[in-house]
*Asks:* 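Structure below; questions to follow.
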Amino acid sequence: MNKKEIITDTSIYTDNFGNVHDINDDIEQAEKDIIEMKKTSSVTFRWSEFEIKRAKKIAEKMGIPYQTYLKMTLKQAMDIDEKKFM
């Protein structure tokens, strides 16, 4: 006996947890999330000259701008901390 797959033309689906979703709503939310992630803000904080020079030396050895190095390092630390609290 051959089982036929039933395909319907709908955007509604149920996930593995039994939650019902509309794929169009999911796509719209994902697009909003991407836009939000791309927004930037300026951040200012005071730091010792020693630490700034230290960051510049490390960044130079890595071949990247020091501000990029600081952002990268801060993001990595935040990712680690975020996992601790999940």
*Asks:* Please list, chain by chain and in numerical order, all residues satisfying side chain to side chain donor-acceptor pair (under 3.5 Å) with Lys75, sequence neighbours excluded.
*Replies:*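 Checked Lys75 against side chain to side chain donor-acceptor pair (under 3.5 Å); matches are Asp79.
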
*Asks:* Where is the tightest heavy-atom contact between Ala59 and Tyr66, given as atom of each residue plus distance?
*Replies:*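 Heavy atoms only, the tightest pair is CB-CA, 3.5 Å.
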
*Asks:* Supply the atom-to-atom distance Lys56 NZ to Glu49 CD, rounded to the nearest 0.5 angstrom.
*Replies:*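 One finds 9.5 Å between NZ of Lys56 and CD of Glu49.
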
*Asks:* Show your working on side-chain contact (heavy atoms from CB on, under 4.5 Å) between Lys57 and Met62 and close with a plain yes or no.
*Replies:* CA-CA 9 Å; Lys57 282 182 184 179; Met62 294 176 74; over 6 Å; no

*Asks:* Membership question, hydrophobic clusters at under 4.5 Å side-chain separation (ILVMFWY): are Ile27 and Ile35 in the same one?
*Replies:*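 Result: no, two separate clusters.
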
*Asks:* Are Phe17 and Ile12 connected in the hydrophobic side-chain network, where two residues link if heavy atoms are under 4.5 Å apart?
*Replies:*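 Result: no, two separate clusters.
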
*Asks:* Once rounded to the nearest 0.5 Å, what's the spacing between atom CE of Met78 and atom CD1 of Ile80?
*Replies:*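 If I round to the nearest 0.5 Å, the distance is 11.5 Å.
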
*Asks:* I'd like to know whether CD of Glu51 has more than 12 heavy-atom contacts from other residues, nucleotides or ligands below 6.0 angstrom.
*Replies:*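 Counting neighbours around CD of Glu51, more than 12 heavy atoms of other residues, nucleotides or ligands fall under 6.0 Å, so yes.
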
*Asks:* Let me check something: do Leu70 and Leu74 share a hydrophobic cluster, defined by ILVMFWY side-chain heavy atoms less than 4.5 Å apart, either directly or through other members?
*Replies:*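 No; Leu74 is not reachable from Leu70 via cluster members.
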
*Asks:* Calculate, to the nearest 0.5 Å, the distance between atoms CG and CE belonging to Asp81 and Met86 respectively.
*Replies:*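 Spacing of CG (Asp81) from CE (Met86) equals 12.5 Å.
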
*Asks:* Which value, rounded to the nearest 0.5 Å, describes the distance between Ser48 atom OG and Lys53 atom NZ?
*Replies:*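 Reported value, rounded in 0.5 Å steps: 9.5 Å.
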
*Asks:* Test side-chain contact (heavy atoms from CB on, under 4.5 Å) on Tyr13 and Asn19; report intermediate values, then the result.
*Replies:* CA-CA 8 Å; Tyr13 71 96; Asn19 301 310; over 6 Å; no

*Asks:* Strictly distance-based, threshold 3.5 Å: is any side-chain N or O of Thr73 a donor or acceptor partner for the main-chain N or O of Tyr69?
*Replies:*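 Pair found, side chain donor or acceptor close to backbone of Tyr69.
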
*Asks:* Not counting sequence neighbours, which residues clear side chain to side chain donor-acceptor pair (under 3.5 Å) with Gln29? List them please.
*Replies:*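 Once residues adjacent in sequence are excluded, the partners of Gln29 under the side chain to side chain donor-acceptor pair (under 3.5 Å) criterion are Asp33.
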
*Asks:* Tell me, which pairs form a salt bridge (charged side-chain N to carboxylate O under 4.0 Å, His left out) where one or both residues lie in residues 10-31, sequence neighbours left out?
*Replies:*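 Sorted pair list: Glu28-Lys32.
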
*Asks:* Once you round to the nearest 0.5 Å, how far does CZ of Arg54 lie from CH2 of Trp47?
*Replies:*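 Spacing of CZ (Arg54) from CH2 (Trp47) equals 7.5 Å.
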
